[in-house]
Amino acid sequence: MAELIAPTTRLHANWLEAHREWGPGSHEDGFGLTPGDEVDSPAGFAAWISRLAAEEAPSHPAEAGALAFRYRWIVEDGRVLGGIVLRYGVHGFVPYFGHIGYGIRPSARRRGLAAWALGRMLDEARTVGLDRVLVACAVDNIASVRTIEGRGGVLESVQDTKFGAVRRYWIGLQDDPAPVARSSAGVSSRTSGSCRRTPTAGPTRPAG
């Protein structure tokens with residue numbers, strides 16, 4: 001059964017396996033990885049995990065005007081299947097790239113994991129005081145279009161960016177818009193431990 005966990009050093013080897021499966025390029029949204037992060041060595045990986053933990057604030061920056069990120073890994077039987085991030089507070093990246101970005105490794109796609117993880121992160125967004133979230137994806141990413149619309153996303157616009165044309169959706173959080181397909185994704189969520197490569201402040205392109 002899949003679960004959401006906080007980034008942890010104990011899954012270093014498993015995370016590297018997923019990282020290699022994606023291959024080179026900017027396509028691991030949801031992980032908060034920047035070009036300056038050195039993740040191959042245990043020390044470098046631990047430093048990266050520590051930075052991600054420091055970026056997660058325990059308070060409610062949506063109300064206070066601060067900036068924070070909440071990173072979660074999608075894990076099943078010790079394998080890292082993907083990542084998802086909630087960006088909240090005041091920051092220039094949120095209007096362009098959205099509050100939530102995610103990525104699923106190629107071998108784990110078509111299982112409903114993205115829809116399941118998005119549903120869980122919408123619950124997280126409620127806990128930090130958001131009443132709606134912006135989610136963006138490339139116009140030709142049909143899988144993400146279905147995922148976002150299946151979670152109640154309402155298309156606001158299609159915009160041209162330096163990364164290509166993107167769809168911008170708003171998802172209201174007053175009510176749960178739709179049940180998440182359980183399938184093999186499971187329903188567990190926890191925070192143990194301490195796709196597209198993304199800078200700390202946001203993804204290199206709209207994600208999904």
Side-chain angles (χ1 to χ4, degrees), residues 1-61 66-89 91 93-94 97-109 111 113-114 116-125 127-128 184-205 207-208:
M1 182 173 64
E3 57 186 344
L4 290 187
I5 71 169
T8 173
T9 56
R10 68 179 176 82
L11 292 179
H12 185 195
N14 306 80
W15 186 91
L16 286 177
E17 177 190 334
H19 183 61
R20 286 190 293 266
E21 183 178 313
W22 260 293
S26 300
H27 48 210
E28 290 171 73
D29 196 14
F31 287 107
L33 189 66
T34 73
D37 290 316
E38 190 281 296
V39 293
D40 290 324
S41 71
F45 192 78
W48 175 56
I49 295 297
S50 295
R51 176 174 65 76
L52 298 184
E55 291 174 0
E56 182 172 334
S59 60
H60 291 224
L67 171 68
F69 301 85
R70 187 168 294 186
Y71 299 97
R72 295 292 181 263
W73 292 352
I74 305 165
V75 175
E76 182 179 63
D77 297 329
R79 295 185 69 231
V80 178
L81 305 182
I84 188 166
V85 60
L86 171 66
R87 313 174 187 102
Y88 54 111
H91 194 273
F93 273 88
V94 171
F97 298 109
H99 293 95
I100 296 176
Y102 55 86
I104 306 295
R105 65 189 292 179
S107 63
R109 293 170 186 168
R111 291 181 46 191
L113 287 166
W116 168 77
L118 178 56
R120 302 287 73 75
M121 197 55 83
L122 293 178
D123 291 338
E124 300 265 1
T127 70
V128 299
S184 56
V187 294
S188 178
S189 177
R190 65 187 178 90
T191 55
S192 66
S194 58
C195 264
R196 297 172 191 181
R197 293 185 190 129
T198 67
T200 303
T204 53
R205 58 170 294 174

- Heavy-atom pair of closest approach, residues A2 and E76: N-OE2, 3.7 Å

- Evaluate the side-chain proximity of S107 to R79: yes if any heavy-atom separation is below 4.5 Å, no if none is. yes

- Partners passing side-chain contact (heavy atoms from CB on, under 4.5 Å) against P106 (at least two apart in sequence or in another chain): E21, W22, R109

- Query: With sequence neighbours excluded, what pairs up with D40 under the side-chain contact (heavy atoms from CB on, under 4.5 Å) test?
  - Reply: L16, E38

- Query: Is there side-chain contact between F31 and L52, with heavy atoms separated by less than 4.5 Å?
  - Reply: no

- Query: Is the closest side-chain heavy-atom distance between R111 and W116 below 4.5 Å?
  - Reply: no

- Query: Minimum heavy-atom separation for W15 to F45, with atom names?
  - Reply: CE3-CE1, 3.7 Å

- Note on the structure: Of all heavy-atom pairs linking G78 and N14, the shortest is O-ND2, 2.7 Å

- Calculate, to the nearest 0.5 Å, the distance between atoms CD and CZ belonging to E55 and R87 respectively. 11.5 Å

- Item | CH2 on W73 to CD1 on I84, rounded to 0.5 Å | 15.0 Å

- Item | Ion pair check, E124 and R120, cut-off under 4.0 Å | no

- Message: What's the separation between atom CG in D123 and atom CG in L118, rounded to the nearest 0.5 Å?
- Response: 10.0 Å

- Message: Is the shortest side-chain heavy-atom distance between R51 and T34 below 4.5 Å?
- Response: yes

- Nearest heavy-atom pair of T8 and I49: which atoms, and what distance? N-CD1, 4.0 Å

- Is there a side-chain contact between H99 and M121 (heavy atoms, below 4.5 Å)? no

- Query: Is there side-chain contact between I100 and V85, with heavy atoms separated by less than 4.5 Å?
  - Reply: no

- Message: Side chains of Y102 and I74, heavy atoms from C-beta outward: is any pair under 4.5 Å?
- Response: no

